[in-house]
2 protein chains.
Amino acid sequence: MSTRESIPHSETLRVHDRCLCLHAQRAARALARRFDEAFRPLGITSGQFSLLMALNRPEPPRVGDVAAVLAMDRTTLTASLKPLERRRLVVIRPDRDDKRVRRLALTATGRSLLARALPLWERTQAACEALLGDADRTRADLRALD
Amino acid sequence: MSTRESIPHSETLRVHDRCLCLHAQRAARALARRFDEAFRPLGITSGQFSLLMALNRPEPPRVGDVAAVLAMDRTTLTASLKPLERRRLVVIRPDRDDKRVRRLALTATGRSLLARALPLWERTQAACEALLGDADRTRADLRALD
DNA sequence: ACCAATTATGTTGATATCAACTTATTTGTC
DNA sequence: GACAAATAAGTTGATATCAACATAATTGGT
């Protein structure tokens, strides 16, 4: 392999400093760890919290709806539901009218767990916002990327 | 279960709109998908690109160094190296002085692949920056979170 | 009513993620 | 020099992520 085919280290540093994908991954991993830790006493992760929260609606949403809300792959969602279903936090029921559709609903246990998780979220969220100059601006930027 | 134990839907909406963890996860997933797609012709993912780039240094870094740079769990890194090692893009060698330490180095093939990936990164990065008003500000915000 | 296109979802296989635990080596203190 | 503490890294088991492929039900055009 000739030298022509490799990248100088200076270029590596430039990519490393600027790559939005890497910056977003690092921030996402760091935030996930922080929230995971906060929710640990309840035995759920940050992702499971977001998912349970997305299911807390008057009308049980469909799989596709939830995937869209979380900007998550549909098949990832199917997999993520498994442990929650096993723990009886979520029930999956066929739709009344459309037999293709499955409705995702919190159980009473799930709702109760979510209620206990909320104050933990508040605390952690406040701690994270404190790291930012303008959390609303950051949220707007993040939204622009998805 | 009593009603006292559940969260009103309005509260759910507030959490959903404000949660930094969810916003970061969504943005990270969206960016990863975008870069994954760009790198697909080369058979690597966005995460593998970042990892290979992190190894492109004059002195082969140690496992712990790379994990710190990527803000990634050390054991995640060990797992992520496996497919790259299998494809002979990376070699893992014991350190000369400290027998606990393993040095991670790109192979000639790895360096060459990275060089071919760089223009794809440039294009995708530019497209993502175009979504933001001020990419430097966004990067600074993301850095504040990790 | 038929049937092709579309829609909603699931399954499989590979990789990524992290906590908990384990092993091997080095360092520092006496 | 012995040995406890600290350091570097790996393994296991659970969950998360997504592409590729597969299935079943609905819709729309004729």
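Residue numbering restarts at 1 for every chain, and letters A, B, ... go by the order of the sequence lines.
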When we call it a touch if two heavy atoms are under 4.0 Å apart, what does [X] touch: a base, just sugar-phosphate, or nothing?
| X | result |
| --- | --- |
| A/D36 | nothing |
| B/G64 | sugar-phosphate |
| A/T75 | base |
| A/D97 | sugar-phosphate |
| A/R86 | sugar-phosphate |

Does [X] place a side-chain N or O at less than 4.0 Å from the phosphate oxygens OP1/OP2 of [N]?
| X | N | answer |
| --- | --- | --- |
| A/R40 | C/dC18 | no |
| A/R62 | C/dT9 | no |
| B/K99 | C/dT23 | no |
| B/T76 | C/dC18 | yes |
| B/R74 | D/dA8 | no |

Minimum side-chain heavy-atom gap B/F35-B/F49 below 4.5 Å: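 No; the side chains remain at least 4.5 Å from each other.
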Rounding to an integer number of Å, can you tell me how far [X] [atom1] sits from [N] [atom2]?
| X | N | atom1 | atom2 | value |
| --- | --- | --- | --- | --- |
| A/D65 | C/dT7 | CG | P | 14 Å |
| A/L51 | D/dT15 | CG | C1' | 12 Å |
| B/R96 | C/dT25 | CZ | C1' | 19 Å |
| B/L84 | C/dT15 | CG | P | 9 Å |
| A/L89 | D/dT15 | CG | P | 12 Å |
| A/Q25 | D/dC18 | CD | C1' | 13 Å |
| A/D73 | C/dT9 | CG | P | 13 Å |
| A/Q48 | C/dC18 | CD | P | 14 Å |

Whichever of A/V101 and A/A32 has its nearest DNA chain C nucleotide further upstream toward 5': A/V101
Position toward the 5' end of DNA chain C (nearest nucleotide), B/D98 or B/G47: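 Counting from the 5' end, the first nearest nucleotide belongs to B/G47.
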Atom CD of B/E85 with >12 non-hydrogen neighbours under 6.0 angstrom: yes
Test applied, side-chain hydrogen bond (donor to acceptor under 3.5 Å, both in side chains); reference residue, A/R137; option that passes from B/D141, B/D134, B/T138: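 In the set B/D141, B/D134, B/T138, the residue that makes a side-chain hydrogen bond (donor to acceptor under 3.5 Å, both in side chains) with A/R137 is B/D141.
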Gap between atom CG of A/L106 and atom CZ of A/R88 - 0.5 Å precision: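 Here the rounded value is 15.0 Å.
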B/E11 and B/R14 ion-paired at < 4.0 Å: yes
Ion pair check, B/D36 and B/R33, cut-off under 4.0 Å: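 Salt bridge between B/D36 and B/R33, a charged N being under 4.0 Å from a carboxylate O: no.
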B/R100 (side chain) and C/dT26 (base): donor-acceptor pair under 3.5 Å: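 Absent.
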Of the listed nucleotides C/dT15, C/dT11, D/dC18, the one nearest the side chain of A/T78: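 For the A/T78 side chain, the nearest candidate turns out to be C/dT11.
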Residue closer to the 5' end of DNA chain D, B/R33 versus B/V63 (nearest nucleotide):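 It is B/V63 whose nearest nucleotide is closer to the 5' end.
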